[in-house]
Amino acid sequence: MSVTHTSPNTTMTSLRRRSPPWYRKWLGGPLRQAMVWLPLAALVLWTMGPFLISLSVSFKQPAQVFADPGIIPAEPTLDAYARVIDRPGFQKALWNSIVIAFGSLILTLIVGVPAAYAFARFRFRGRHLLLLFSLLPMLAPKVGLMFPLFLLAVELGAFDSRLFLIFVFTGMLLPLAVWLLVGFFQAIPRELEEAAAVDGATQFATIRTVILPLAIPALITVAVLAFREAWNEFELVLALTQTADSRTLPYELFLMQDATGIADYPIQNAFALLTIVPLVLVYLRIERYVAEGLLSGAVK
Amino acid sequence: MAEGDPSTDMASATRIVGWQHPWIAYLSSAPAMIIVAVVLAFPVLFAAVQSLYDISPLSQESPFIGFGNYIDVFSEPSFWSSLWRTGIFVFGVIALGLTLSIIFAFALNRVVSGLRFIRGLAILPYIVSSVAAALMFRTMFNSEFGFPNQVLEFMGFGAVPWLSNGVYAMIVVIIAQVWTDLPLALLFILGGLQTIDDQLTEAALVDGATGLRSAIYISIPLIAPQITLATVWLSFKAVTSLGTVLALTGGGPGEATQLLTLEMVRLGFDEYETGTAMALVIIIFVLNAALTLFYLGLQRKFGTK
Amino acid sequence: MGEVNFRNVMKRFDDGTVAVNDLNFDIEEGEFLVLVGPSGCGKSTSLRMVAGLEAISGGEILIDGEAVNGLTPRERDIAMVFQTYALYPHMTVEQNMGFPLRMAGVSADEKAKRVRAAASVLDLEVLLNRYPRELSGGQRQRVAMGRAIVREPRVFLMDEPLSNLDAKLRVQMRGEIARLQRELGTTTLYVTHDQVEAMTLGDRVAVMHDGILQQLAPPGELYKSPETVFVAGFIGSPPMNLCRATIVEEGGGLAAKFGTFSLSVDPSSIEKYPLVRERIGKDVVLGTRPECFSIATEELPENKHIVAKVDMVEMLGAEALVYLPTDAEQIDSSMTFGNGAARKVASADVQHLSLVARIAPKTVPSHGETVSLGYEADSMHFFDIETGHALR
């Protein structure tokens with residue numbers, strides 16, 4: 001309802017009808033529009049720009065990169081991707097990444113779920129202390145752990161071992177996983193558990209048939225975060241591995257920078273994008289969980 | 001259950017008869033405890049202890065030298081220069097990161113539901129590894145075919161030697177770091193904005209505040225806690241950043257982007273100065289803690305509660 | 001099958017509060033027993049101790065002669081309906097109702113048969129494939145009932161099962177629960193804070209207050225001869241008028257003086273409360289039912305009626321409530337009696353009784369009018385002012 005053309009009298013009437021206040025018109029004005037759209041466009045450009053440029057370069061031949069600097073390649077080719085996939089280093093690293101990421105995800109859930117359930121539902125001596133102990137290390141930066149963990153790995157004979165990496169990544173994510181899961185378990189009404197108990201379920205059966213099915217969103221969140229952690233981790237892989245037998249994709253990508261001599265930009269970018277693709281595919285399906293998990297996890 | 005019954009005001013702990021055996025709780029939390037202890041707690045303590053010993057590859061013995069390693073670190077000029085560079089880096093990351101996350105968050109907060117996918121896009125960098133991000137930025141900031149230089153040349157400026165000039169290299173590193181860590185900072189602030197009552201900002205509009213003023217005087221003070229959280233996050237990630245810088249510049253050109261973390265890697269893995277490297281680890285821990293306390297102090301002093 | 005005994009049952013929470021103290025009663029086989037009391041009186045806790053959702057701090061609970069203190073809920077063979085229904089949100093109605101059978105290891109065929117039988121009793125057949133979130137409050141309530149009956153337990157436990165329903169549905173479900181229990185004949189322990197629910201449903205009603213059982217009796221008896229001041233004040237709506245009164249000898253009989261009023265005590269009341277005779281010259285708690293007052297149409301002898309000015313009238317249609325100010329000291333039925341603390345309230349703190357009379361609408365006086373109220377002489381109630389117990 002327009003207010004500008006009306007007499008004071010009708011303005012009063014329209015106010016009484018709870019019509020949009022006078023400033024609403026201004027709110028929808030072109031200036032306002034620009035103030036919203038400009039930052040949004042900037043956000044999309046900021047986020048997608050590096051991806052698009054990388055994508056563009058990955059579809060070129062190494063020589064074309066310099067000769068044809070346009071965003072849209074004149075002669076797009078999948079050559080760089082073929083060369084990445086052909087590399088034994090890539091194949092091995094991909095396999096290692098898959099093994100280690102799924103290993104970490106599974107171990108995190110297997111170890112984290114019982115611990116979180118215990119903290120959420122049991123009252124035992126030292127509960128708060130232990131919970132604090134399991135959460136506090138969230139604050140320890142990974143760079144600081146590289147070197148001590150390296151020495152520990154050497155000491156244990158676990159240097160350059162995929163198993164040890166799984167173990168370490170699980171440790172890295174456990175505080176966050178426990179934190180998320182404790183919150184989630186606590187939010188499940190106690191009556192449901194009590195109902196299951198009087199319905200004749202054992203404690204284990206209750207967890208299996210009532211608690212876990214209800215906790216699926218939290219489990220997915222934790223799984224995604226654990227997978228991402230293991231899939232993307234670089235510093236600790238750098239510190240804890242040496243050979244192609246155990247190094248994962250980010251390290252392999254890092255090494256390839258030097259190995260390709262005069263920078264072979266297409267292959268590097270193709271490699272980088274290939275490491276991102278699996279996560280993007282997972283991510284697109286469950287963006288909601290990731291965003292929620294990130295927020296409730298707060299740190300890391 | 002009647003409200004107010006003592007039985008309802010309990011936390012979430014179960015009280016079912018026979019379901020409260022402490023040993024089940026200990027047993028089920030033990031594996032997590034052990035892993036956290038070995039992977040997280042032990043290394044921190046280990047680093048703290050090791051930093052007090054003189055450990056080097058040359059000698060068999062490693063005598064206790066108290067704070068000797070710290071004195072060594074502090075007497076190294078390279079420590080102070082890398083601390084200075086870390087300072088610039090952290091400051092740059094916070095300045096750019098906060099600015100962008102606040103602007104973007106305000107824009108996202110106004111977005112209609114049909115464009116929710118933009119929020120999803122904004123989080124994408126979160127799933128990119130530091131090395132991949134560094135590589136993408138290396139490509140982007142290539143001085144010959146990189147996009148920024150193309151734009152500059154199109155506008156009639158000369159090419160900028162992004163990665164071969166120390167100052168520019170630092171800028172690129174800061175941008176790359178902010179790019180990888182912005183999503184969470186953005187989500188924090190967006191979360192804060194979404195808790196603000198619309199009536200408040202509308203009241204401000206009625207009182208004559210324009211959009212920008214209402215943002216500065218109304219919204220930003222209200223989300224001070226979230227801004228602090230975003231600052232803590234950006235700072236934490238910047239102080240401990242290694243992968244991005246290592247893969248992007250390797251500390252170069254020269255030592256222009258040699259941060260404390262890279263210094264630590266050099267001491268520990270290249271020169272096998274275990275004791276000194278551990279001292280540096282502890283220094284990084286302390287620096288982190290001190291900065292966090294500083295931000296919280298700032299918020300307490302200037303922010304609204 | 002299905003006898004429950006409470007033997008000196010006590011519940012103390014971790015913070016030291018005693019929720020239930022020395023509870024002793026028996027629920028007979030097939031009986032519908034209602035535990036009623038205000039919130040925080042320990043009734044829910046008592047029920048949860050039977051279910052095994054709360055540990056028993058002292059004493060014993062026996063089901064069919066066997067002490068169940070250490071048994072898990074699973075081992076007790078009971079079923080429970082929760083106030084929030086506690087339906088499993090990720091299971092369909094059929095799966096919800098079948099859950100107890102699944103846990104008992106009943107075969108799929110048998111399970112389906114029994115779930116269908118229970119569903120037909122409760123009129124749930126068409127809802128079997130729905131999820132709880134797709135059901136109305138009343139339907140959820142029925143599913144919760146269905147889950148309880150499907151396994152044919154020894155005892156039904158119901159914890160305020162109707163309090164989340166709106167008033168109309170509540171009355172309807174109340175009838176349905178009563179019918180179901182009669183048909184199945186399963187021993188039932190039912191907890192509520194609603195005295196109407198308690199009176200209409202229970203074969204017997206147990207009134208609890210402050211963790212202590214006040215009285216356990218059939219509904220009519222609770223109303224007619226309350227055992228304690230608390231029961232007197234709790235059962236009946238509007239509640240009994242309770243005030244401090246002094247027993248005096250008068251003209252060969254006894255009379256109760258309260259404030260400036262005085263009513264003679266009928267021999268039949270003395271017969272019901274024989275200890276009143278020993279309280280001559282002493283203070284007691286006098287209880288009078290609002291519905292036993294009536295507007296006097298003829299001149300009554302002194303001591304047979306009271307005269308007061310009408311303060312307020314609430315017209316309820318079939319009846320009217322008339323409030324009359326008095327200068328008698330009101331007795332709060334919910335306070336704790338019998339802990340030795342003599343009821344000596346500082347005169348400044350004395351609350352004066354606003355006497356309620358429930359009378360036929362035809363004779364309703366108007367505000368400010370002075371009326372004469374007669375009282376049914378044989379329905380006066382007397383309680384010890386120290387212990388709160390009936391004087392018998």
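Convention: sequence-line order gives letters A, B, ...; per-chain numbering from 1.
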* Structure fact -> Bottom line for B/Leu246: the part with an atom under 4.5 Å from chain A's heavy atoms is both
* Quick one: does B/Thr274's side chain get under 4.5 Å of A/Phe147's, heavy atoms only? -> yes
* Under 4.5 Å from any heavy atom of chain B - which part of A/Leu279 -> both
* **Under 4.5 Å from a heavy atom of chain A, the part of B/Ile16 involved** => side chain
* Asked: Is it the side chain or the backbone of B/Val265 that comes within 4.5 Å of chain A heavy atoms, both, or neither?
  -> side chain
* **Winner by heavy-atom pair count (cut-off under 4.5 Å) against chain A, out of B/Tyr26, B/Phe137, B/Trp179, B/Phe147** => B/Trp179
* Asked: Closest heavy-atom contact between A/Leu145 and B/Pro43?
  -> CD2-CB, 3.7 Å
* Would you mind telling me which of A/Pro50, A/Ala115, A/Gly49 has the largest number of heavy-atom pairs within less than 4.5 Å of chain B? => A/Pro50
* Measure B/Ile175 against the heavy atoms of chain A and call it side chain, backbone, both or neither at under 4.5 Å. => both
* To do: Sort B/Ala37 into side chain, backbone, both or neither according to what part of it lies under 4.5 angstrom from a heavy atom of chain A.
  => both
* To do: Please determine, among A/Thr108, A/Leu151, A/Leu238, the option with the most heavy-atom pairs under 4.5 Å with chain B.
  => A/Leu151
* Would B/Trp23 and A/Phe122 count as a ring pair (Phe, Tyr, Trp, His ring centres under 6.0 Å) if you check the C-alpha gap in whole Å, the side-chain angles of each, and the deciding distance to 0.1 Å? -> CA-CA 10 Å; B/Trp23 60 266; A/Phe122 281 88; 9.3 Å; no
* Asked: Would you call A/Asn269 and B/Met136 a side-chain contact if the rule is heavy atoms closer than 4.5 Å?
  -> yes
* Tell me, for A/Ala239 versus chain B, whether the close heavy atoms (under 4.5 Å) come from the side chain, the backbone, both or neither. => both
* Heavy-atom pair count under 4.5 Å with chain A, highest-scoring of B/Ile103, B/Ile284, B/Leu124 -> B/Leu124
* Asked: Is the A/Phe204-B/Trp19 ring centre distance short of 6.0 angstrom?
  -> no
* Minimum-distance pair of heavy atoms, taken over all atoms of B/Thr14 and A/Arg190 -> CA-CD, 4.3 Å
* Asked: Are more than 12 heavy atoms from other residues, nucleotides or ligands located less than 6.0 Å from atom CZ of B/Phe42?
  -> yes
* To do: List in chain and number order the residues that pass salt bridge (Lys or Arg N to Asp or Glu O under 4.0 Å) with A/Glu235, two or more places apart in sequence or in another chain; answer none if no residue qualifies.
  => none
* Contact class of B/Val49 relative to chain A, heavy atoms under 4.5 angstrom -> neither
* **Interatomic distance, A/Thr47 atom OG1 to B/Leu182 atom CG [nearest 0.5 angstrom]** => 7.5 Å
* Asked: Under 3.5 Å, side chain of A/Arg228 to main-chain N/O of B/Tyr126, donor-acceptor pair present?
  -> yes
* Asked: Under a 4.5 Å heavy-atom cut-off, does chain B meet the side chain of A/Val44, its backbone, both or neither?
  -> side chain
* chain A: which of B/Ala41, B/Pro22, B/Ala122, B/Ala30 shares the most heavy-atom pairs with it under 4.5 Å? -> B/Ala122
* Asked: Taking side chain as C-beta onward, heavy atoms only, is B/Thr240 less than 4.5 Å from A/Lys142?
  -> no
* Do side-chain atoms of A/Tyr117 reach the backbone of B/Ser28 as a donor and acceptor pair under 3.5 angstrom? -> no
* **Residue B/Met140 versus chain A: region with a heavy atom under 4.5 Å** => both
* **Spatial distance of atom OG (B/Ser29) from atom CG (A/Leu131) [nearest 0.5 Å]** => 10.0 Å
* Asked: Which bit of A/Trp231 is near chain B, if near means a heavy-atom gap under 4.5 Å: side chain, backbone, both or neither?
  -> neither
* **Distance-minimising heavy-atom pair for B/Val36 and A/Pro175** => CG2-CD, 4.4 Å
* Contact class of A/Ala116 relative to chain B, heavy atoms under 4.5 angstrom -> neither
* Structure fact -> Bottom line for B/Asp181: the part with an atom under 4.5 Å from chain A's heavy atoms is neither
* Asked: When rounded to the nearest 0.5 angstrom, what is the spacing between OG in B/Ser130 and CZ in A/Phe234?
  -> 6.5 Å
* Asked: Which bit of B/Phe106 is near chain A, if near means a heavy-atom gap under 4.5 Å: side chain, backbone, both or neither?
  -> neither
* **Which portion of B/Thr261 sits near chain A, non-hydrogen atoms under 4.5 angstrom** => side chain
* Given that the side chain runs from C-beta out, which part of A/Leu174 has a heavy atom under 4.5 Å from chain B: side chain, backbone, both or neither? -> side chain
* A/Pro148 versus B/Phe46, closest heavy-atom pair with distance -> CB-CD2, 3.9 Å
* Shortest non-hydrogen contact from A/Pro250 to B/Val131? -> O-CG1, 3.6 Å
* Does some side-chain heavy atom of B/Arg15 sit less than 4.5 Å from a side-chain heavy atom of A/Glu194? -> no
* Side chains of A/Ser54 and B/Thr139 in contact at under 4.5 Å (non-hydrogen atoms) -> no
* So, A/Asn232 side chain and B/Ile127 main chain: donor-acceptor pair closer than 3.5 Å or not? -> yes
* Does the side chain of A/Met146 come within less than 4.5 Å of B/Met264's, by heavy atoms? -> yes
* Between A/Leu152, A/Val57, A/Thr275, which has the largest tally of heavy atom pairs under 4.5 Å with chain B? -> A/Leu152
* To do: Go through the atoms of B/Gln150 and report whether side chain, backbone, both or neither lie under 4.5 Å from a heavy atom of chain A.
  => side chain
* Given that the side chain runs from C-beta out, which part of B/Phe269 has a heavy atom under 4.5 Å from chain A: side chain, backbone, both or neither? -> both
* Kindly indicate whether the side chain of A/Trp46, heavy atoms from C-beta on, has any atom under 4.5 Å from the side chain of B/Leu121. => no
* **Contact class of A/Ile110 relative to chain B, heavy atoms under 4.5 angstrom** => neither
* To do: For residues B/Val39 and A/Phe167, report the shortest heavy-atom separation together with the two atoms involved.
  => CG2-O, 3.8 Å
* Asked: Non-hydrogen atoms of chain B under 4.5 Å away: do they reach the side chain of A/Phe169, the backbone, both or neither?
  -> neither
* To do: Side chain from CB out, backbone as N, CA, C, O: work out which of these in A/Val113 comes under 4.5 Å of a heavy atom of chain B, or both, or neither.
  => neither
* To do: Using the ring pair (Phe, Tyr, Trp, His ring centres under 6.0 Å) rule, take B/Phe145 and A/Tyr265 through it: C-alpha gap first, then chi angles, then the decisive distance, then the call.
  => CA-CA 11 Å; B/Phe145 62 86; A/Tyr265 284 101; 5.0 Å; yes
